[in-house]
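In this text the structure is predicted, and so the values were computed from the model without any measurement. Just so it is clear: chains get the letters A, B, ... in the order the sequence lines come, proteins before strands, and each one is counted from 1.
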Amino acid sequence: MIDPDILRKDPDILRAALSKRGAPDITDDLIAKNQHLRSLKTQWQAAQEERGQLSKTIGAFLQAGDTASAEAAKARVALLKETLDTLKTQQDQAEEDFQNAWQAVPNIPLPEIPEGKDETDNVDQHRWGTPRPDQTPAHELIADTVHWAEYAAVSAVRMSGTRFVMLTGMLARLERALGQFMLDVHTREHGYKEVSPPYLVHAHALFGTGQLPKFEEDQFKTTTGHYLIPTAEVPLTNMVADMIISQGLPLRFTAHTPCFRSEAGSAGRDTAGLIRLHQFHKVELVSITTPEEAAEEHERMTRCAEVILERLELPYRRVLLCTGDMGFTAEKTYDLEVWMPAQQTYREISSCSRFGTFQARRMNARYRREDTGATAFVHTLNGSGLAVGRTLGALLENFFQDSYSPLPLPKVLHPYMGGITELELSPSRD
RNA sequence: GGAUGGGUGGCAGAGUGGUCGAAUGCGCCGGUCUCGAAAACCGGUAUAGCGGCAACGUUAUCGUGGGUUCAAAUCCCACCCCAUCCGCCA
């Protein structure tokens with residue numbers, strides 16, 4: 001969430017931000033709710049004060065043995081109590097109203113974010129590699145010709161339902177190789193600390209990163225009340241929740257985890273292949289830094305993800321998301337889109353965002369400034385480096401030769417494949 | 001799953017009904033001392049509302065919510081979370 005002070009100091013900034021995002025302008029409503037709350041709070045505190053004073057005199061009267069005065073004061077407090085109860089009820093209601101409204105306010109886009117309605121208004125930053133112009137079979141069809149894949153896919157659906165897949169043999173190994181490769185590059189070359197986090201978290205952790213309460217229906221919840229993490233962003237960022245970091249910023253964390261998403265509302269979209277699943281693997285990057293360093297860290301993090309695509313020889317482009325396509329919690333986002341030859345289009349494979357203090361405020365993550373010694377909210381960032389399943393799909397399509405030739409693998413993966421350099425395709429599917 | 005203990009300021013940790021926003025220690029900031037540092041000593045060190053240009057003043061906040069009471073960190077109830085032991089288990 002953003003700083004509520006903005007309502008009193010610069011409501012026009014909020015107004016402009018909502019307008020840029022194409023959201024309804026609820027600024028005046030928020031200001032009214034906030035004023036109402038503060039006014040009630042003041043009244044309640046004044047009544048509290050009065051009661052406190054009276055109570056003290058009662059104690060004094062009783063000690064002095066002046067029972068009559070004590071009783072008189074007691075009667076006055078009894079009267080006050082009704083006022084107090086009413087005010088408290090009103091204040092609680094006002095607090096809830098304001099908080100509910102305030103938590104639903106999206107982050108303020110940075111000034112450089114292009115205004116736009118949807119993904120068609122995103123702005124190309126740069127492209128890398130040469131997209132192959134010929135249309136290949138879709139990656140799920142290529143996968144079918146690799147070792148029992150179809151059999152496995154059918155099994156997965158049978159036991160878990162749609163949007164689940166099972167990889168076997170060389171495909172399973174390739175997925176593992178991709179995850180290991182990404183993790184190794186980020187930990188050895190990019191300075192990220194490897195983390196093996198919990199996959200089940202409490203609600204407040206999801207609140208901290210912004211998935212709750214607004215996106216409850218996108219999450220899987222267990223019978224114990226835990227939530228399955230939709231991304232490692234949740235546990236990695238929450239590592240600094242309720243903390244005051246006194247040194248060592250920036251903190252950089254990476255983890256290779258499964259991610260679970262209910263994909264509510266996406267019925268019928270991307271139903272085939274590895275693009276949109278209830279469960280997928282992802283290597284996540286998270287940085288905790290200062291306001292001064294956040295911009296540079298964002299560029300650095302995005303480069304860390306791009307390096308993976310380049311080493312894997314996968315053509316991609318970087319786009320700057322416009323206000324309409326940017327997530328609720330972000331103030332700036334780059335998407336990396338990989339070339340998918342079967343569809344002859346670029347598809348999202350990584351998303352790298354800055355959040356300013358939006359998440360830090362929600363999870364109370366602070367640091368101590370070296371210059372002033374004061375505490376301030378940290379800035380948080382995260383990015384995918386990369387989505388492993390989608391990378392696997394992109395790799396199959398981009399490296400596909402023809403139905404009768406082995407599919408070569410990018411050189412960097414050879415060591416991770418135990419020296420295997422290509423995948424045998426068996427169109428006959430014995 | 002069974003049993004017990006516990007959630008207090010940056011941290012540790014006192015505090016079982018009023019004068020407690022809260023002892024003490026540590027950490028941190030400022031100062032004295034010193035050529036400088038350490039030590040020692042002195043002072044400061046949470047968040048929010050309201051008032052004030054400000055210094056500051058004032059009120060509220062001791063896991064969350066409810067209750068008892070003139071008065072709650074302190075008593076009662078519910079919930080959440082944490083820890084330890086036992087059982088079970090990869």
Legend entry - Partner nucleotide, any strand, of B:rA78 [Watson-Crick/G-U, under 3.5 Å]: B:rU64
Inset, instruction - May I ask you to evaluate whether A:Arg51 reaches the phosphate of B:rA71, defined as a side-chain N or O under 4.0 Å from OP1 or OP2? - result: yes
Legend entry - With sequence neighbours excluded, residues passing side-chain contact (heavy atoms from CB on, under 4.5 Å) with A:Asn34: A:Leu7, A:Arg38, A:Phe98
Inset, instruction - Provide the distance between the two P atoms, one in B:rU34 and one in B:rU47, to the nearest whole Å. - result: 36 Å
Legend entry - Base-pairing assignment for B:rG10 (Watson-Crick or G-U wobble, both under 3.5 Å): B:rC26
Legend entry - Nucleotide forming a Watson-Crick or wobble pair with B:rC33, both distances under 3.5 Å: none
Legend entry - Distance in angstrom units between A:Arg8 CZ and B:rG49 C1', rounded: 8 Å
Inset, instruction - Check every strand shown and say whether A:His202 touches a base, only sugar-phosphate, or nothing at a heavy-atom separation below 4.0 Å. - result: sugar-phosphate
Inset, instruction - For B:rC26 versus B:rG13, give the span between their P atoms, rounded off to a whole number of Å. - result: 16 Å
Inset, instruction - Tell me what A:Arg361 touches on the nucleic acid: a base, only sugar-phosphate, or nothing, going by heavy atoms under 4.0 Å. - result: nothing
Legend entry - Inter-nucleotide P distance (B:rU59, B:rA73), Å rounded: 15 Å
Inset, instruction - Quick one: look up who B:rA39 pairs with, Watson-Crick or G-U, both distances under 3.5 Å, and put none if it's unpaired. - result: none
Inset, instruction - Spell out, as yes or no, whether a donor-acceptor pair under 3.5 Å connects the side chain of A:His139 to the backbone of A:Leu274. - result: yes
Inset, instruction - Mind telling me whether A:His298 and A:Tyr334 have parallel, tilted or perpendicular rings, with 30° and 60° as the class edges? - result: parallel
Inset, instruction - Identify whether any heavy atom of A:Asn364 sits under 4.0 Å from a base atom; if not, whether one sits that close to sugar-phosphate; answer base, sugar-phosphate or nothing. - result: nothing
Legend entry - Identity of whatever pairs with B:rG87 - Watson-Crick or G-U, under 3.5 angstrom: none
